[in-house]
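Here the structure is laid out as structure tokens; the discussion comes afterwards.
On a predicted model such as this, the values are computed, not experimentally measured, just so you know. Throughout, residue positions are numbered sequentially from 1 according to the sequence presented.
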Amino acid sequence: MSCKPQKKTLAKEQKQKDSVINNPVIRHIRTADPSAHVWKDGKVWMYTSLDMENATIHNSMDGYRAFSSTEMVY
């Protein structure tokens, strides 16, 4: 037995990592600081902040956005 992860396990973890990095949920608008919640009915809600278009400082949020889905798949 070895404490080192097997190559197959590393490849699977890398594939999962790549799919997350290359699969943004929201692509059509700018969002920041997402927070996702799954409610009892199974619907997923993701709340994001909305930063000003040309924001250069961290205190430039001017709203929130909410997105929902019943078809999220992990």
Side-chain angles (χ1 to χ4, degrees):
M1 283 249 167
S2 171
C3 293
K4 294 181 180 179
Q6 300 296 319
K7 287 183 182 180
K8 189 175 185 179
T9 303
L10 290 175
K12 182 178 178 183
E13 289 174 3
Q14 185 62 43
K15 184 177 180 182
Q16 288 174 338
K17 191 178 196 180
D18 290 345
S19 68
V20 171
I21 291 170
N22 295 320
N23 190 17
V25 176
I26 307 299
R27 298 177 185 198
H28 64 286
I29 58 173
R30 294 176 60 203
T31 59
D33 310 317
S35 177
H37 301 274
V38 181
W39 298 99
K40 289 181 182 179
D41 64 357
K43 187 178 268 191
V44 177
W45 282 86
M46 182 172 63
Y47 306 95
T48 67
S49 61
L50 175 63
D51 292 342
M52 291 181 201
E53 187 64 32
N54 295 321
T56 57
I57 59 172
H58 61 80
N59 192 18
S60 58
M61 186 180 81
D62 63 352
Y64 294 96
R65 294 193 186 254
F67 305 90
S68 67
S69 175
T70 57
E71 300 175 349
M72 295 293 286
V73 178
Y74 175 73

Can you tell me how far apart OH (Y47) and OH (Y64) are? Round to the nearest 0.5 Å. 12.5 Å
Same hydrophobic cluster for I26 and W45, using side-chain heavy-atom links shorter than 4.5 Å among ILVMFWY? no
With hydrophobic residues grouped by side-chain heavy-atom distances under 4.5 Å, do M46 and V38 end up in a single group? yes
Mark yes or no for whether S49, through its side chain, and A32, through its backbone, hold a donor-acceptor pair below 3.5 Å. yes
Parallel, tilted or perpendicular for F67 and H28, by the 30°/60° rule? perpendicular
Reported CD1-to-CZ distance for the pair I29 and R65, which is rounded to 0.5 angstrom: 3.5 Å
